[in-house]
Amino acid sequence: MAGHRQRTGQRVINWDRLGKTARKAVETPILKRFNDPNRAREFAIEAGDLLFDYSKTSMDEAGRSLLLEMFDESAIPSRRQAMFGGDSINETEGRAVLHTALRNQAGAPVMVDGRDVMPGVLGTLSRMERFAEGVRDGGIRVTGGKVTDVINIGIGGSDLGPAMAALALAPYHDGPRCHFVSNVDAAHVNDILLPLKPETALVIVASKTFTTVETMTNADTVRKWIGESLGDEDAGSHFVALSSAEERAAAYGIGPERVFGFEDWVGGRYSVWGPIGLSLMIAIGPEAFRAFLSGGHAMDLHFQAAPPLQNMPVMLALTGLWHNQGLGYATRAVLPYEQRLSRFPAYLQQLEMESNGKSVSMNGSDLPVHSGPVVWGEPGTNGQHAFYQLIHQGTRVTPCEFMIGAAGHEDEVAHQHRLLVANCLAQSEALMKGRSLAEARALLGDNYSGEELELQARHRVFSGNRPSTTLVYPKLTPFVLGQIVALYEHRVFVEGAMLGINSFDQWGVELGKALARDLEPVVSGEADAGDKDASTAQLVSFVQRHSG
Ligand code: F6P
């Protein structure tokens, strides 16, 4: 990396100062910071339905002031205004970034190139609602009558958003069953189709570009499945398209009344709020979908209005920068204590890593610090019985982002939820407090003595002083989920803007796609592996010999 000072607009960020301040702060144990009776309250934010507690981190007053200074230096408010105002802030693609318009149900004008986009957004939302209602109440029928199963075919943002949200909101699901096919691996589509009946299936082809190989290949397979059973004539009534490329969808033979379009200023990983959310809307109904949009919009208003210190997305982002760019922690674990958020870490992987996994800043220079971190995670308590060992006793520090609802949906077994909450809170406490050698000795004193006691005790020491944040919400309703998703979107925006990254393009996915196109004929034996490297040629040869 070339130097550690970076220009965003006219201002200069001194990243070295962040590193020095953060390294000094970690010398004080996190637990000791709670000698200040105000620590918990002052290092937490409540906004809307959410409480974000970042007091169990090493961030101190000096560190936070510096981060807020850096925030001011990065001119984020003007970039934020530019985003909400429809300016072309996605500079490499020459596009506005306006997923926020999709949840602006009041319809306050949003201008792009001098045109208010809101009438189009709200018109499409109404069309989606009429269609979703029709599918749910049987007014819209397929060959076999009422739709029983919806199959969403998409990948990346055209899959992860609706798949994550449909699972998260399962208790609100009162429409047809929803299935999600994404992988080009035929095992995926095969296993989804196996128990389904083509005559009562509705197929949603979700693709912003309508060119993505995985999606179009799966769509062809499903079209064949329907055609073989019902004949090509009838197949049309089973298909819907969600796309910015409406002509391509039409060319695929899907009638205009079945195409729900959106504009190029909706990025794939930000698209669940619009037509790409149709499967979710069919599952939970238009009213609950609107509540999801309202949650996102409430977070938009908070993000725009709250001063930085009280601004949840800003402070979530600054905590991320503290850990990754300040202290060099290369990954962060997202740990929802909510089984139905089991796809949330995967959703965030695309949102965060496709947005901020870049090494060139907007002005073309190399990033002076690391790009966004590796994001990973699993729901608690499952993770506790798998990888928490490393989180507690491994040599590397992993900042943990816990998430927990005050209540679950299963009132009749509320004791299980209390157990879940206790586990979540116990983990952040354990990470912070750890266990000293003296405590470990005391624990084992009855069973061991001498050298054996020392040895056994060493293995039971927890260094502690490991950082975590906790996001608490009342209950995972559509409105709450909307707030959480928008919170993370804006976090990505702030982190990316402070790093000087364009968070809205994704050139890093293109090379692999191009090489896969070249390799397909080599794998099938139509072309030889002539110009391929020896490793690739060897792998192709093995596959060819064993592909039966
Ligand atoms: O290849 C990455 C990507 O472009 C993502 O950004 C996007 O969400 C996904 O592919 C799917 O794209 P599409 O919706 O155009 O099929």
Side-chain angles (χ1 to χ4, degrees), residues 30-31 34 40-41 43-46 48-57 164-173 295 316 332-348 375-394 398-436 439-440 442-444 459-481 483-485 487-488:
I30 298 169
L31 187 58
F34 286 88
R41 192 166 35 83
F43 283 72
I45 299 175
E46 272 193 60
D49 289 327
L50 313 182
L51 167 67
F52 171 57
D53 181 332
Y54 59 102
S55 63
K56 290 196 192 89
T57 67
M164 175 278 292
L167 179 57
L169 299 177
Y172 302 86
H173 194 151
L316 181 60
R332 64 176 162 236
V334 178
L335 305 166
Y337 277 67
E338 179 89 55
Q339 182 58 30
R340 296 192 182 103
L341 283 179
S342 59
R343 293 298 284 157
F344 192 63
Y347 172 79
L348 281 189
V375 178
W376 59 285
E378 270 288 308
T381 56
N382 294 7
Q384 288 177 206
H385 295 272
F387 53 79
Y388 277 39
Q389 165 64 43
L390 178 145
I391 287 179
H392 284 288
Q393 288 189 315
T398 304
C400 294
E401 301 193 348
F402 294 103
M403 301 170 73
I404 180 78
H409 288 82
E410 289 66 36
D411 294 341
E412 60 297 348
V413 281
H415 67 285
Q416 290 203 212
H417 193 78
R418 288 194 289 275
L419 212 48
L420 188 70
V421 174
N423 269 278
C424 178
L425 303 187
Q427 290 300 325
S428 66
E429 191 185 347
L431 284 167
M432 173 172 69
K433 289 186 176 162
R435 182 193 281 148
S436 68
E439 286 168 332
L443 201 69
L444 297 170
H459 289 280
R460 286 158 176 82
V461 169
F462 291 66
S463 66
N465 203 28
R466 299 198 169 202
S468 70
T469 62
T470 305
L471 183 72
V472 197
Y473 46 89
K475 188 174 183 172
L476 195 60
T477 61
F479 184 63
V480 165
L481 182 69
Q483 290 172 71
I484 293 173
V485 174
L487 165 67
Y488 275 89

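Annotation: Arg343, atom CZ; neighbour count of heavy atoms from other residues, nucleotides and ligands within 6.0 Å does not exceed 12. Other residues, nucleotides and ligands place no more than 12 heavy atoms under 6.0 Å from the NZ atom of Lys433.
In this structure, a donor-acceptor pair under 3.5 Å is present between the side chains of Gln427 and His392.
Counting only distance, with no hydrogens or angles, the side chain of Gln483 and the backbone of Asp49 share a donor-acceptor pair below 3.5 Å. Remark: the backbone N or O of Glu401 is not paired with any side-chain donor or acceptor of Arg332 at under 3.5 angstrom.
Of the listed residues (Leu51, Asp53, Leu487), just one forms a side chain to side chain contact (heavy atoms under 4.5 Å, CB included) with Leu471, and that residue is Leu487.
Using a 4.5 Å heavy-atom threshold, the side chains of Phe344 and Glu338 count as separate. At a threshold of 4.5 Å between non-hydrogen side-chain atoms, the residues Leu335 and Phe387 count as touching. The shortest side-chain heavy-atom distance between Ile45 and Leu50 does not fall under the 4.5 Å cut-off. Between Leu341 and Val334 the shortest side-chain heavy-atom distance does not fall below 4.5 Å. Within the 4.5 Å cutoff, side-chain heavy atoms of Asn382 are placed close to those of Gln339. Under the 4.5 Å side-chain criterion, counting only non-hydrogen atoms from C-beta, Leu431 is in contact with Phe402. You'll find the side chain of Val480 reaches within 4.5 Å of the side chain of Pro474, heavy atoms only.
The distance from the CG atom of Leu420 to the CD1 atom of Ile404 is 4.0 Å, given to the nearest 0.5 Å.
Across Ile30 and Ser55, no two heavy atoms sit closer than the pair CG2-O, 4.0 Å. The minimum heavy-atom distance linking Trp376 with Pro345 is given by the pair C-CB, 4.4 Å.
Scored by the side chain to side chain contact (heavy atoms under 4.5 Å, CB included) test, Leu443 finds Arg435 as partners (sequence neighbours excluded).
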